[in-house]
Amino acid sequence: MKFRMSMISFCVAGLITALFAEKPLQVDSSVVTVSEGYSMQKSRALVRRVKTPTRANLDLALYSDNIMLYDTASFATVAPAEKLSLKKLDFDNAFVKGSISTKFSSTKIDKSAGSFAVHWSALRDYLMKWDFEKSQKLVEKLAAVPEQKYGNDESVLPLAEIARLYFKPVKKGFEGWVRIDLKPWAAGVMPFVTDENGDGFPEYYAQINPELLTPEILSVVTGKYAKDLLTRDEIITWANELASFWYPTFNTDIYRLSNPVWPDAGVDEGVKNTLGGYTVEKPIVAIKGKPFGVELFNILIVDGMTGDVETNDSKKGGMLRTGIDKSAAERIAAGIKILDEEVKTYGGGSYDAWAATFAPFTKSLAAVQKSAPEDIKGFVGKEDFLFFRNSLNYMLGGDLAKQPDGKNPIKPILAVKKALEAVGVDFLFVPVPIKPEVYPEKIAALPASGKGPYVNPYGRKFLKDLMDAGVEVVDLLPAFTAEKKNDCKTCEPVFQKQDTHWGTRGLEAAALVLAERIKGYAWYNDLPKSVFTVRDTVFTSQGDIVARLKTSLQSKYPPAKLLGRQVFDADGKPYQDKKDSPVLLITDSFGGVYQRTGCKAGGVSAHLAKNIEMPVALNVSYGGGPTLVSQLKKMGIEGVSQKRVVVWMMVARDLYNYHENWDVLEKLEPKKVEE
């Protein structure tokens, strides 16, 4: 598929240099699709312009008809035993009887001044975070649409989904209407539904039962959600939260421009070829994803606002190098000794024998993994703990060192260590333990035969393999299991119950362990120190596993109220990471939560800075730990050589069978300057 260049051109706040014709989304002209010829099934980039930056418009721009979110998987549907018709569609009184129609004109929305469109799944999450109990009836009733399979019960994916929700002014407030899209592969179930708008997804419309749209719901939707204008910083935070939320399913990440014009040198040539020369200057949001192994982009333009360009702020000349830390070899040897004693005590010197003691647990874990199809990524554990499929895959993956080239992490990690060593920069690798390693009893019963405090001996072996290769590893699991002993009925656990990520207690424990190591470097005492303070705060967050559960379960889990501990500098301002810090932390989403999302200024980098009394440089990739090498490549030898230590922190689950091959850093090269 190739885009067709438009002959129309005009200026949008000086942002667009070669523009496709704008196509407003249905009803709301403040959100337009800029990329002409866009197809949710075929395109590799979606470019949208938002004229009025409300939360409703931003959600509509990046949720509606988005290539990133379209699941190409298909299912061989069968026609229902009883022939369907519009009159026979029944969703348990979710919609007004007789209102269902295949014609948009029947809604009269486009002829009603003040009507506006929102995306349902985005609004659903917003309402549940606003007030779970007050929005639950509406959410559960509308969930009847994706849950209805018409005899195709083996299909994990919904046959139809609510794609858009419309609010239409009437004498007594607002009417609510929905557009329901059939998946192309499910169209045969309802042959009477046509594709009126020509997007490849047959659709029909229905009016929501007025009893579900309470005055309170209408007030928050038509008020704050649809009218309050977001600042630039609020938009950036929203984009970070979105990329992090989508990552477990769509492998998304915030894309950082290396020059002011997108697409830049980092964009796949296949994407560029489909764009036919189309460019955007400093889009405020650029999200890259690989949901199906192919690189896709979401680009957002907001009138009057521009995005950032990744720059190297390091000063020329660099620091006076003191050489690689001589105590590293001693620390590695000490770590190997601890691990050797573990495997000797619990496995008689054999990791296979140690793992065999947990065979009943592993068998139970495998049963959980197989209890739902691959498309279901979330599992319900005990006491409201939710678990992520990829974490279970890691636990069942066996010896990580036996993975084939490309999937085996040892060589890529060792390559980074050697590249940094060549320019006199110390290196620490920090795998973040996963929830089922810390709370295994919440997902499966622990066997009496299991030996030792760790249920995944092969995870311990991997640490030893790295240390044997000369890589210094910071082991967080002992600190997490120790912190778990302080769990109580009223406090949060080390990990968020509904999320893949740690909570405040987990990230603070990690920051303490890491700070202890950094303070041991010879150069540490020679650097200037700062004073930071901490304040408690509470914020609300919907766990990222909830959306990965079976549809029927998702509305059962309200957003959680979480404790955040924000860090402030000596002037009382929220802590900010600094690019020119001698300590560089490159990390996946575990470094973004609580720092760039959630409460903000309360993440692991903030608490590490507090503990070592100096700001740190933070590079976050929501796309996963194995992609972090690209951050060092972008910085080049000029930027990296200014650092004293590079800390590579990533979640352990991505050490097993990562969806892409690991990137390898052969050596640090001078930073490329794009023309």
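Count residues from 1 along the sequence.
Within the 4.5 Å cutoff, no side-chain heavy atoms of Ser244 are placed close to those of Glu241. Using a 4.5 Å heavy-atom cutoff, the side chains of Val620 and Ile254 are not in contact. Side chains of Gln566 and Pro574 form no contact here, defined as non-hydrogen atoms less than 4.5 Å apart. Counting only heavy atoms from C-beta outward, the side chains of Val267 and Tyr255 approach each other to under 4.5 Å. Put simply, the side chain of Val189 reaches to within 4.5 Å of the side chain of Pro80, judged on heavy atoms. Leu296 has its side chain within reach of Pro291: a pair of non-hydrogen atoms, C-beta onward, lies under 4.5 Å apart. The closest side-chain heavy-atom distance from Asn619 to Arg256 is not below 4.5 Å. In this structure, the side chains of Trp120 and Val178 stay at 4.5 Å or more apart for every pair of heavy atoms.
A salt bridge links Asp92 with Lys141: at least one charged nitrogen is closer than 4.0 Å to a carboxylate oxygen. Using a 4.0 Å cut-off between charged side-chain N and carboxylate O, Arg596 and Asp577 make no salt bridge. Between Lys149 and Glu154, none of the side-chain N atoms (NZ, or NE/NH1/NH2) sits under 4.0 Å from a carboxylate O, so this pair counts as no salt bridge. A salt bridge is defined here as a Lys NZ or Arg NE, NH1 or NH2 lying under 4.0 Å from an Asp or Glu carboxylate O, and Glu140 with Lys556 meets this definition.
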query = Do Ser115 and Tyr166 pass the side-chain contact (heavy atoms from CB on, under 4.5 Å) test, and can you show the C-alpha distance, the side-chain angles, and the key distance before you say yes or no?
reply = CA-CA 7 Å; Ser115 296; Tyr166 305 94; over 6 Å; no
* Might you work through the salt bridge (charged side-chain N to carboxylate O under 4.0 Å, His left out) test for Glu161 and Lys183, ending with a clear yes or no? => CA-CA 8 Å; Glu161 292 181 300; Lys183 299 295 180 70; 3.8 Å; yes
| query | What's the verdict on salt bridge (charged side-chain N to carboxylate O under 4.0 Å, His left out) for Arg55 and Asp228, showing C-alpha distance, side-chain angles and the deciding distance? | reply | CA-CA 7 Å; Arg55 175 64 184 270; Asp228 284 7; over 6 Å; no
*asked:* Walk me through whether Phe104 and Val27 qualify under side-chain contact (heavy atoms from CB on, under 4.5 Å).
replied: CA-CA 11 Å; Phe104 180 61; Val27 180; 3.8 Å; yes
(request) Test ring pair (Phe, Tyr, Trp, His ring centres under 6.0 Å) on Trp130 and Tyr225 and set out the steps. (result) CA-CA 10 Å; Trp130 159 69; Tyr225 187 67; over 10 Å; no
| After noting the C-alpha distance and the side-chain angles of Val118 and Asp59, does the key distance pass the side-chain contact (heavy atoms from CB on, under 4.5 Å) rule? | CA-CA 7 Å; Val118 299; Asp59 283 345; over 6 Å; no
task: Evaluate side-chain contact (heavy atoms from CB on, under 4.5 Å) for Val221 paired with Tyr126, printing each intermediate quantity in order.
output: CA-CA 9 Å; Val221 174; Tyr126 183 91; over 6 Å; no
Run the side-chain hydrogen bond (donor to acceptor under 3.5 Å, both in side chains) check on Tyr622 and Asn240 step by step: do they pass? CA-CA 8 Å; Tyr622 296 109; Asn240 274 274; 3.0 Å; yes
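Checking side-chain atoms of Arg389 against main-chain N and O of Ala372 turns up a donor-acceptor pair under 3.5 Å. Of the possible polar contacts, one joining the Thr252 side chain to the Tyr247 backbone as a donor-acceptor pair under 3.5 Å is found. Put simply, the side chain of Tyr38 gets close to the backbone of Asp65: a donor and an acceptor are under 3.5 Å apart. Checking side-chain atoms of Asn273 against main-chain N and O of Glu269 turns up a donor-acceptor pair under 3.5 Å. Judged by distance alone, the side chain of Asn298 and the main-chain N or O of Ile287 form no donor-acceptor pair under 3.5 Å. Judged by distance alone, with hydrogens and angles left aside, the side-chain atoms of Asp181 form no donor-acceptor pair with the main-chain N or O of Glu203 at under 3.5 Å. Judged by distance alone, with hydrogens and angles left aside, the side-chain atoms of Gln41 form no donor-acceptor pair with the main-chain N or O of Phe201 at under 3.5 Å. Counting only distance, with no hydrogens or angles, the side chain of Thr237 and the backbone of Asp233 share a donor-acceptor pair below 3.5 Å. Put simply, the side chain of Ser112 gets close to the backbone of Lys108: a donor and an acceptor are under 3.5 Å apart. Looking at Lys290, its side chain never comes within 3.5 Å of a backbone N or O of His659 through a donor-acceptor pair.
Contact record, Leu182 with Met190: CD1-CB, 3.8 Å, taken as the closest heavy-atom pair. Taking all atoms of both residues into account, the shortest heavy-atom contact from Phe539 to Ser541 is CE1-CB, 4.1 Å. Closest approach of Gln554 and Ala547 over heavy atoms only: NE2-O, 3.3 Å. The two residues Val34 and Arg49 have their closest heavy-atom pair at CG2-CB, 3.7 Å. Of all heavy-atom pairs between Tyr594 and Leu562, the closest is OH-CD1, 3.6 Å. Here the closest non-hydrogen pair linking Ser39 and Ile67 is O-CG2, 3.4 Å.
Counting heavy atoms of neighbouring residues, nucleotides and ligands inside a 6.0 Å radius, atom CD of Glu196 exceeds 12 of them. The local environment of CD in Gln576 is sparse, with at most 12 non-hydrogen atoms from other residues, nucleotides or ligands closer than 6.0 Å. Other residues, nucleotides and ligands contribute over 12 non-hydrogen atoms within 6.0 Å of the NZ atom of Lys272. Within a 6.0 Å radius of NZ in Lys137, no more than 12 heavy atoms belonging to other residues, nucleotides or ligands are found. Shown here is Lys88, whose NZ atom has more than 12 heavy atoms of other residues, nucleotides or ligands within 6.0 Å.
Put simply, CG on Asp28 and OG1 on Thr54 are 7.5 Å apart, with the number rounded to the nearest 0.5 Å. To the nearest 0.5 Å, the span separating OH on Tyr63 from CG on Asn66 amounts to 10.0 Å. Summarising the geometry, atom CD belonging to Gln498 is positioned 6.0 Å from atom CD belonging to Gln542; distances are rounded to the nearest 0.5 Å. Taking CG of Leu60 as the reference point, atom CG of Leu165 lies at 11.0 Å (rounded to 0.5 Å).
Asn152 and Thr77 form no side-chain donor-acceptor contact under 3.5 Å, judged by distance and modelled atom types alone. With no hydrogens or angles considered, a side-chain donor-acceptor pair links Ser101 and Ser106 at under 3.5 Å. Using a 3.5 Å distance cut-off with no hydrogens or angles, the side chains of Thr627 and Ser621 do pair a donor with an acceptor. Looking only at atom types and distance, the side chain of Asp264 has a donor-acceptor partner in the side chain of Ser258 under 3.5 Å away.
A cation-pi geometry, defined here as NZ or CZ lying under 6.0 Å from the six-membered ring centre and within 45° of its normal, does not hold between Lys42 and Tyr70. A cation-pi arrangement is found for Arg548 relative to Phe245, the charged atom lying closer than 6.0 Å to the ring centre and inside a 45° cone about the ring normal.
When the options Val302, Thr306, Ile299 are evaluated for a side chain to side chain contact (heavy atoms under 4.5 Å, CB included) with Pro283, the one that passes is Ile299. The only option from Leu213, Ile162, Val96 that meets the side chain to side chain contact (heavy atoms under 4.5 Å, CB included) definition with Ile208 turns out to be Leu213.
Using the six-membered ring where Trp is involved, Phe91 and Phe95 have ring planes that are perpendicular, over 60° apart on the 30 and 60° scheme. Relative ring orientation between Phe167 and Phe174 is described as perpendicular, the plane-to-plane angle rising above 60° on a 0-90° scale split at 30° and 60°.
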